[in-house]
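Everything on this sheet refers to the single structure shown next.
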Amino acid sequence: MRAWKIVGAVLILSVMPLRAKAQASSIDQVVDRIVTQEKAEMQMLRQYSPLVETYIQMMRPDPKLGPVPAGDRYFLGKAQLANGVDLEAFAADGGGVRHKLSGISGVFTVEFLPRGFLQMIYLDTNGFDQQNYRFDYVRREFLGDVRCFVFDVTPTVNAGKGRFMGRIWVEDQGYHIVRFNGAYNGASRTDFYFHFDSWRVLAGPQQWLPAYVYSEEGEVKYAMTRKLTFKSQTRLWGYNVGRSRQEQELSKILVESERPVKDQAEAANDYSPLQAQRTWDLQAEDNVVDRMENLGLLAPRGEIDKVLETVVNNLEVTNNLNIDPEVRCRVLTTSTLESFTINHTIVVSRGLIDVLPDEASLATLLARELGHIVLAHHIDTQYAFFDRMLFDEKDTFRHFGFRRTPEEEQAAAQKGAELLQNSPYKDQLAAAKLFIQALQDRVKDVPNLISPHLGDRVPNNWSVSLPANAVRTPGTQGALPQPQSSSPATNGADNKVLAALPLGGRIKMDPWNDELTMLKAKPVSIIAEREKMPFEVTPFVIYLSREQSRVTQQEAPAVAAESNADPGAVPGDPGVPVADPK
């Protein structure tokens, strides 16, 4: 019996190294596929030039609220991924929006480098392989519906500076890296590499596109005694810009009717001078809207537009308005807080909708813009000439402008107050007052957030837009979902009252086709004072899914899982500094 036991033990021990060797080999194979797929990802991204928006909030400690904004920076541009990590900034408009991430008051300053924030969509543009990195398997984990392998990644001793160090999440079907969290190594006294959390989302078969990057630093020392504390969000969208739907329509088969088209020349189809003028105004409006959508600055029509138009319809019906042409609503894709009208089209920015606390507050905003339409405040009809639409996209903010004169703003605000007085929202405007007050309190802390690209500053004349008896508790008419807390607001001291939401509080955007949908998040019953974070930058936590929108399924090209792309095919440094103290 003893001999059998000894033999059994020997057999067991001899199998264990084989299993360990097989497991190690399996991990090496997975890592090889990850490296190969990441090279293919970089090669695939060279065909795109998405819009890139980086918004940074400098933070200062508050004994009651914790870290709060104390200044901000903003950049909007177009990535040129064919050239590696390259950016083309949108030209500055006349409204004072700064398109450089620079400047901290004082003798010593820090200049943020937009290119460094764009770099965060890549782990390593030149040398992501097993020679330069060590991969340690951690576990399997779900990010939303997507099951992932989790690896810790560290540079080897001789890999050099600017290499990624942190954790990666790899979806287990195509071995695409869908999230990576960490920093680039090798920072110095003159060049900073900040920590970041980068996400990619599915846009087509086996095509994961960079969409969100969150960065945060606390008390980074520079100039010996100074400290830098900030939070930032970088968003990418408009990957399909330039591949217009109109071009796709040419490839569709059109079946002509068997019956000949009826000649209606006998009908009264002539245009009166008034109708001709309205048609000319509408052509100018359509030209501008179409051009901005093709640039990726206006989201395509979708469910958010219907929400806005429902509120506008509530205002029109209760005020017995019959507006022709009908009022349309569109969403500006940027985070800046602004709204304006393009003749009969009301445009509200994504960032502004994100931070509004309830539907009555939205109605207050739309009532003022509807006032411009009722008072016939038109845009320049020169936009009706199509050659006016042929300009370089980086000059958009110089070419377009929809600011109103102070007299027009005052008149529209008063008209908006009248419309609200007769609307179903007239007794539900307490939250709107709190929102306006919160916005006015933060004006000095977030000057770039409230600096518009195309319209007027949001705080202007908002108080005039409210009826004098707007004192009752807020409610909704069903068009705009309630935020995390929906408790009645009687004063700003109520812990459950949300005067304004953080950025990203309502809308999510498909980076491929710019399609906007409402954020569907579980409500939070108790919110501490420090968790309210009005107008603030917060981290991204994305619920990843393998499902694609109908438009994406039709438009997005498939990308091969394997590629023989040259690791150096995408030019660029291993890591681009994000800030440079001056």
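Along the sequence shown, the residues carry numbers beginning at 1.
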On a heavy-atom basis, which atom in [X] and which in [Y] lie closest, and how many Å separate them?
X	Y	answer
P210	L45	CD-CD2, 3.7 Å
F535	A500	CZ-CB, 3.5 Å
I353	V331	CD1-CG2, 4.0 Å

Going by distance alone, is a donor N or O of one side chain under 3.5 Å from an acceptor N or O of the other, for [X] and [Y]?
X	Y	result
D72	Y55	yes
T336	S349	no
N343	D281	no
D441	Q437	yes
Y425	E359	yes
N513	N240	no
R404	T341	yes
S335	E53	yes

Do side-chain atoms of [X] reach the backbone of [Y] as a donor and acceptor pair under 3.5 angstrom?
X	Y	result
E309	C329	yes
R506	P357	yes
E408	H377	no

Show your reasoning for whether salt bridge (charged side-chain N to carboxylate O under 4.0 Å, His left out) applies to E418 and K415.
CA-CA 5 Å; E418 295 175 12; K415 175 57 70 173; 3.3 Å; yes

Could you check whether the rings of [X] and [Y] sit parallel, tilted or perpendicular, using 30° and 60° as the cut-offs?
X	Y	result
H453	Y74	tilted
F117	F194	tilted
F340	F402	parallel
H399	Y383	tilted

Test side chain to side chain contact (heavy atoms under 4.5 Å, CB included) applied to L501 and D354, step by step:
CA-CA 7 Å; L501 305 184; D354 269 340; over 6 Å; no

Go through the structure and list residues passing side-chain contact (heavy atoms from CB on, under 4.5 Å) with Y543, not counting sequence neighbours.
D145

State which residues pass side-chain contact (heavy atoms from CB on, under 4.5 Å) with T345; sequence neighbours excluded, sorted by chain then number.
E285, V289, R328, R330, I342, V347

Might you work through the side chain to side chain contact (heavy atoms under 4.5 Å, CB included) test for E536 and R442, ending with a clear yes or no?
CA-CA 10 Å; E536 289 187 23; R442 287 289 177 91; 3.8 Å; yes

Test log, rule ring pair (Phe, Tyr, Trp, His ring centres under 6.0 Å), inputs F75 and F90:
CA-CA 8 Å; F75 173 86; F90 273 64; 8.9 Å; no

Verify the ring-centre separation between F385 and W280: is it less than 6.0 angstrom?
yes

Could E409 and R403 be called an ion pair, given the rule that one side-chain N must be under 4.0 Å from one carboxylate O?
no

Considering only NZ, NE, NH1 and NH2 on the basic side and carboxylate oxygens on the acidic side, decide whether D324 and R278 come within less than 4.0 Å.
yes

Please evaluate residues W512 and Y48 with respect to the criterion ring pair (Phe, Tyr, Trp, His ring centres under 6.0 Å), reporting the C-alpha separation (whole Å), side-chain torsions for both, the decisive distance (0.1 Å), and the verdict.
CA-CA 10 Å; W512 172 258; Y48 296 121; 5.7 Å; yes

